[in-house]
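Beneath this line is the structure, given in structure tokens, with notes to follow.
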Amino acid sequence: MAEFDYDLFVIGAGSGGVRAARMAANEGAKVAVAEDKDLGGTCVNVGCVPKKLFTYAAHFAGDFEDAEAYGWDVGARDFNWPRLISNKDSEIARLNGIYGRLMDEAGVTLIEGRATLTGANSVTVGETEVTAKYILVATGGHPVVPGFPGNEHVITSDQAFHLEALPQRLVMVGGGYIAVEFAGIFHALGVEVTQLYRGPLFLRGFDHDLREKLAGEMRKQGVDLRFDSQVAKIEKQGDAFKVTLEDGGALETDLVMYATGRAPNTQGLGLETAGVELAENGAVKVDGHFCSSAPSVYALGDVIDRVQLTPVAIAEAMILVDHLFGEGAHAHMSYDNIPSAVFSHPNLATVGLTEEEARKRHGDIEVYVSSFKAMKHTLTGRDETTFMKLVTEPGGGRVLGLHMMGEAAGEIVQGFAVAMICGATKAQFDATIGIHPTSAEEFVTLRTLRKARE
Ligand code: NDP
């Protein structure tokens with residue numbers, strides 16, 4: 001008889017958990033996954049997927065306006081939020097089903113319910129106790145709202161995906177991916193948006209030029225962007241809310257959304273019974289092989305709070321499965337040159353070092369920038385800047401950072417990210433023929449050096 005019921009027991013059927021389960025099963029392991037919510041985790045249910053669908057909806061607003069310059073009479077336009085929500089929900093239900101089928105086809109046992117560790121090799125789900133050689137904690141994270149008077153009145157991204165109606169006015173608090181993306185979505189859908197960020201410039205950690213350029217574009221569009229602004233309290237006033245700021249100012253609004261970060265889901269999992277150590281913020285502490293302080297318990301994805309991105313969780317899962325059940329050929333995860341996009345209006349995308357990081361690490365660097373109006377807007381007259389930036393070693397050396405603001409930035413930067421992983425040099429970028437006419441060709445035609453700023 002086998003020593004354990006399963007070779008691998010995964011807690012959480014999100015992007016990382018499902019990928020690990022399927023890949024381990026493909027390697028011949030006996031695998032179960034426990035999930036107490038819809039399959040697919042944050043990304044599928046209340047993250048990347050519905051957010052991207054919302055951004056498509058939002059971009060139509062500008063597309064209809066732009067179409068007229070190209071000869072189209074678009075006619076009366078009306079936006080139906082409940083229809084968008086309902087179509088989005090159908091698509092997500094379809095994806096939930098696909099996740100179930102993929103696991104089924106791989107031979108993974110799905111156990112519906114909340115799993116709790118009862119030891120280093122045992123888990124209970126409901127009344128059932130099972131044992132496993134390895135337990136993988138892939139429970140993701142949840143939005144956090146700071147403590148202040150009136151914080152019970154705010155919503156987070158979890159609720160934003162299920163609003164019954166669009167508010168007329170919205171106060172968005174935060175300056176990260178989610179706040180910026182939702183500010184753009186709601187604004188384009190006709191909501192009066194005020195975005196409050198506690199620091200001097202939002203999107204901390206992104207290239208400074210990119211942050212400034214996006215702030216400029218959002219302000220031009222009419223988003224009321226307020227930096228160095230903190231909420232002191234929120235009071236309900238009839239159907240509306242009064243938001244009092246720490247500087248004494250006040251705003252009246254119909255909805256307040258907080259996007260002030262996410263915390264790991266490690267509460268109530270029984271991790272302490274297995275001797276799993278947590279970091280101060282509740283994240284599972286893991287080593288280079290995603291092993292926790294308990295040798296049989298592993299963790300990956302948002303719950304380890306390294307990089308909270310779906311493709312990173314998936315990559316971590318592949319590496320872990322290779323380490324536990326495969327040949328171990330790709331046993332280490334590199335967190336360098338991870339490309340990412342902010343689906344703001346316009347989009348941002350980035351890979352590699354910011355100018356500030358590059359200068360700190362490499363000292364002598366070269367910076368190339370280009371700011372222009374995309375060809376599409378020569379006819380529409382839309383006042384929207386496309387911005388591109390390369391940060392390189394001097395004299396045609398390696399490209400250290402590549403940043404873009406503009407339409408399809410994510411699609412464009414994804415391709416360049418491969419070049420970055422290959423260690424592409426500025427000389428090789430220069431030797432690459434552009435595809436004309438595109439915005440992306442700017443990245444291979446940048447020749448004028450911008451003097452590095454102090
Ligand atoms: P982020 O960590 O990106 O941003 C949090 C923001 O909230 C920061 O601007 C932060 O300010 C601010 N903040 C934190 N605490 C407080 C506070 N007490 N009061 C006021 N402001 C505060 O988190 P998000 O919630 O936006 O997103 C979570 C993660 O999800 C992201 O980091 C990202 O990894 C992932 N994500 C990725 C997307 C994508 O790939 N397109 C889209 C959406 C999410 P400060 O900078 O000063 O700390």
Side-chain angles (χ1 to χ4, degrees), residues 7-27 29 31 33 40-43 47-48 106 133-141 177 205-206 262-266 271 276-279 281-341 349-354 357 361 398-402 410 413-424:
D7 298 313
L8 177 68
F9 192 96
V10 181
I11 308 180
S15 305
V18 169
R19 180 60 65 98
R22 286 174 50 214
M23 293 298 124
N26 286 346
E27 294 285 350
V31 184
V33 176
T42 302
C43 178
C48 333
K133 184 173 181 194
Y134 302 117
I135 296 169
L136 174 61
V137 181
T139 46
Y177 285 82
F206 282 79
R262 298 175 61 87
N265 287 334
T266 45
L271 292 171
V276 174
E277 271 180 43
L278 303 183
N281 68 350
V284 179
K285 283 197 207 170
V286 291
D287 65 13
H289 290 121
F290 306 104
C291 187
S292 75
S293 52
S296 54
V297 181
Y298 288 73
L300 54 73
D302 287 2
V303 80
I304 63 171
D305 195 30
R306 283 186 178 165
V307 180
Q308 296 177 25
L309 295 174
T310 289
V312 171
I314 289 173
E316 290 171 343
M318 307 282 277
I319 284 168
L320 173 64
V321 169
D322 188 46
H323 171 66
L324 293 180
F325 304 107
E327 290 168 4
H330 312 287
H332 280 280
M333 172 83 193
S334 167
Y335 294 92
D336 291 335
N337 285 320
I338 293 173
S340 81
T350 183
V351 56
L353 303 180
T354 65
E357 288 166 341
R361 284 196 216 172
R398 265 184 320 149
V399 177
L400 303 170
L402 182 148
V413 170
Q414 178 68 84
F416 281 108
V418 179
M420 299 278 291
I421 293 287
C422 296

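Positions are given from 1 along the sequence.
Side chain of R19 to backbone of A317: no donor-acceptor contact under 3.5 angstrom is found. S292 contributes no side-chain N or O that, together with a main-chain N or O of V276, makes up a donor-acceptor pair within less than 3.5 Å.
Between Y298 and Y134, the angle of the ring planes goes over 60°, which puts this pair in the perpendicular group of the 30/60° scheme.
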Report all side-chain donor-acceptor pairs from residues 301-312 shorter than 3.5 Å, counting only partners two or more places apart or in another chain.
unit_1: D305; atom_1: OD1; unit_2: Q308; atom_2: NE2; d: 2.9
unit_1: D305; atom_1: OD2; unit_2: N281; atom_2: ND2; d: 2.7
unit_1: R306; atom_1: NH1; unit_2: Y335; atom_2: OH; d: 3.1
unit_1: R306; atom_1: NH2; unit_2: V286; atom_2: O; d: 3.3
unit_1: R306; atom_1: NH2; unit_2: D287; atom_2: O; d: 3.4

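Atoms CE and CG, on M420 and D336 in that order, are 10.0 Å from each other to the nearest 0.5 Å. Taking CG from L136 and CD from E316, the interatomic distance works out to 10.0 Å, rounded to the nearest 0.5 Å.
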May I have the step-by-step check of side chain to side chain contact (heavy atoms under 4.5 Å, CB included) for L278 and V284, ending in yes or no? CA-CA 5 Å; L278 303 183; V284 179; 4.0 Å; yes

F290 and M333: CA distance, side-chain angles, deciding distance, side chain to side chain contact (heavy atoms under 4.5 Å, CB included) verdict: CA-CA 10 Å; F290 306 104; M333 172 83 193; 3.9 Å; yes

Going through the checks in order, is the side chain to side chain contact (heavy atoms under 4.5 Å, CB included) test met by S296 and I135? CA-CA 6 Å; S296 54; I135 296 169; 5.7 Å; no

Given L402 and V413, is the side chain to side chain contact (heavy atoms under 4.5 Å, CB included) satisfied, shown in steps? CA-CA 8 Å; L402 182 148; V413 170; 3.8 Å; yes

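Applying the ring pair (Phe, Tyr, Trp, His ring centres under 6.0 Å) rule to F416 yields the partners F429, F443; only residues at least two apart in sequence or on another chain are considered.
Just one residue in the list L300, I314, T42 forms a side-chain contact (heavy atoms from CB on, under 4.5 Å) with S15, and that residue is I314.
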